[in-house]
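This report refers to the structure that appears directly beneath it.
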Amino acid sequence: MNFQNKHVLIGISGSIAAYKVPILVRIFLQGGADVRVVATKNALQFVTPTTIKTLTNYDVYYEMFDNVHFSGTEHISITDWADIFVIAPATANIIGKMAHGIADDTVSTSFLAFNKQVFIAPAMNVKMWNNPILQRNIDILKNLGVIFIQPESGDLACGYQGTGRMAEPLDIAKYIDDYFNSQQILSGKKIIVTAGPTHEPIDPVRFVGNKSSGKMGFAIAEALANLGAEVILISGPTCLTISHSNVKLINVTTTQDMLDKCIEYYDDVDGVIMNAAVADFRPVNFSKEKIKKSEHLTIELVKNTDILSQLAKMKKHQWLIGFALETDNELSNALEKLKSKNLDAIILNSAKDENIGMGSDYNQITIIKSDGSIIPSDVDTKKSLAHFIIEKLVVDLCNK
Ligand code: CTP
């Protein structure tokens, strides 16, 4: 089983089957996943935080207000981190809480904050399993997209026989492995993503640049890679790293470096997502010596090549997506860029709200396609917006 690059969040609730969770954790770890665990206090009657921490290298999050190990917003950050949430074992109680939006422990609270795929492996007595209230709660969750991994029939810990025994850890892991394989909808596709700023040197220690952090481009690269695409991530200087077997990270500094690398890989790719905040100008002269302080300094700048326009001129089969950062006349300016750069779509970032966008973990975007359709997003994390862009735009372009 291959769980390389996957962030798996496991939620344990208070059933005797919790004693099997360390085995499930081991299987995910052996497959290459990074695993974190949230647990109800009752779950810790059956499995210890020390066992889990020894395996995962992370503390178990079970106290809502544990200010020593976790911040009060851990249920948000842990759910941003995770790709999937596996609640195993899930008692009738936690299923009931999740079906009705009750959030009074770390598992149900994390569930409410989680907006990606959830798997539930129930475990309980057969009479509880057959109870129509429980079955109705399961239907509510299934209708919301939660995937249930059916409990098995057999001897139950309470001495009864019947359905209610949690699926074996290996079967749970196989089920999730199959799920990940079915998600590889961009397998066989190769995509260039550019990210971050470009820097244009003035002298050995100074440069012309901008505030781009690279977070959006890296999030797009990771999301594409998780769906099976091969990604060439060409990034200007950032503080970010990425380690994903589907991502080849190429670090560049100047606009010319970025252009050269885009051209080098262009023939081979299906498309380009040009997220980099490319420096529009570079100094005419580079001073080999550090420029000494003076009352005034004038630096003459000259326009850089427009990478997207250059790629559009060389276009064969490739699709091109640009980004537009605007402070005023946002839609009309973005539309103008879409046409003048001969793009398939442009994604508008507004620079009006200082709390989102450049440098922040959050953003709001509007996708504008060349057929005139306009798709705005909500304000969301850059990781979620990466999925939004792929779902609303990239998948279609790849299948054209
Ligand atoms: N872009 C590019 N090469 C450049 C400048 C920008 O490929 N030399 C790309 C950006 O990566 C982005 C799109 O063009 O995908 C639009 O960038 P933006 O900075 O919004 O617009 P500019 O074309 O630079 O125009 P202006 O700065 O005047 O708004």
Side-chain angles (χ1 to χ4, degrees), residues 191-201 207-221 224 231-238 250-266 269 271-284 301-315 318-353 356-359 363-370 374 377 382 385-386 389-390 393-394 397:
I191 297 168
I192 292 176
V193 178
T194 66
T198 56
H199 287 178
E200 303 296 345
F207 57 84
V208 176
N210 59 68
K211 294 198 300 189
S212 172
S213 64
K215 286 177 186 169
M216 188 74 236
F218 275 64
I220 294 171
L224 290 169
V231 181
I232 313 295
L233 175 59
I234 303 172
S235 176
T238 73
I250 297 171
N251 291 305
V252 295
T253 304
T254 65
T255 303
Q256 186 62 45
D257 296 341
M258 188 171 273
L259 173 66
D260 291 345
K261 286 295 169 191
C262 285
I263 291 174
E264 186 178 328
Y265 289 93
Y266 194 48
V269 297
V272 180
I273 302 178
M274 192 73 203
N275 175 250
V278 181
D280 287 325
F281 305 99
R282 67 176 185 280
V284 174
L301 301 174
V302 61
K303 196 171 144 211
N304 269 329
T305 310
D306 191 289
I307 301 176
L308 264 181
S309 303
Q310 186 66 35
L311 296 177
K313 280 186 204 142
M314 300 162 58
K315 196 166 173 173
Q318 299 90 342
W319 45 260
L320 293 175
I321 300 174
F323 276 72
L325 182 67
E326 305 294 342
T327 50
D328 54 340
N329 300 323
E330 298 162 310
L331 260 182
S332 58
N333 283 346
L335 261 171
E336 177 52 35
K337 283 178 191 169
L338 173 81
K339 286 189 191 131
S340 66
K341 299 192 189 217
N342 192 17
L343 307 177
D344 295 86
I346 192 146
I347 297 169
L348 170 64
N349 279 301
S350 174
K352 266 187 181 165
D353 186 343
I356 59 173
M358 266 196 180
N363 206 355
Q364 190 278 321
I365 57 168
T366 304
I367 297 175
I368 307 164
K369 296 189 187 177
S370 55
I374 295 180
S377 78
K382 290 185 174 173
L385 291 174
I389 292 167
I390 294 169
L393 182 60
V394 177
L397 290 173

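For ligands, and for the atoms within them, numbers begin at 1 and follow the listed sequence.
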Euclidean distance, I374 CD1 relative to K369 NZ, rounded to 0.5 Å: 11.5 Å
D280, any N or O under 3.5 Å of ligand 1 N or O: yes
G322 N/O to ligand 1 N/O under 3.5 Å: no
Identified side-chain contact (heavy atoms from CB on, under 4.5 Å) counterpart of T366 within the set I346, L348, I347: L348
Ligand 1 atoms in contact with M274 (distance to a heavy atom under 4.0 Å): 7 (O), 11 (O), 12 (C), 15 (O)
L308, any N or O under 3.5 Å of ligand 1 N or O: yes
Between CD1 on residue I365 and CE on residue M216, distance to nearest 0.5 Å: 6.0 Å
Under 3.5 Å: N/O of F323 near N/O of ligand 1: yes
Nearest protein heavy atom with distance in Å, relative to atom 11 (O) of ligand 1: A276 O, 2.7 Å
Proximity to ligand 1 by part of T305, non-hydrogen separation under 4.0 Å: backbone
Stepwise side chain to side chain contact (heavy atoms under 4.5 Å, CB included) check, V208 with L301: CA-CA 10 Å; V208 176; L301 301 174; 4.1 Å; yes
Option whose closest heavy atom lies nearest to atom 29 (O) of ligand 1, chosen from K341, E326, K337: K337
Atoms of ligand 1, numbered as shown, that sit under 4.0 Å from any heavy atom of A324: 20 (O)
Residues K315 and D344 bridged, charged N to O under 4.0 Å: yes
N/O separation below 3.5 Å, A279 to ligand 1: no
Spacing of CD belonging to E200 relative to CG belonging to N210, to within rounding of 0.5 Å: 10.0 Å
S332 backbone acceptor or donor facing N329 side chain under 3.5 Å: no
Non-hydrogen atom of N333 closer than 4.0 Å to ligand 1: no
Protein non-hydrogen atom below 4.0 angstrom of atom 19 (O) of ligand 1 present: no
Geometric N/O contact T255 with ligand 1, under 3.5 angstrom: no
Nearest-0.5 Å distance, CZ of residue R282 to CD of residue Q256: 7.0 Å
Residue pair I250, Y265: steps toward the side chain to side chain contact (heavy atoms under 4.5 Å, CB included) verdict: CA-CA 11 Å; I250 297 171; Y265 289 93; 3.2 Å; yes
Geometric N/O contact I307 with ligand 1, under 3.5 angstrom: yes
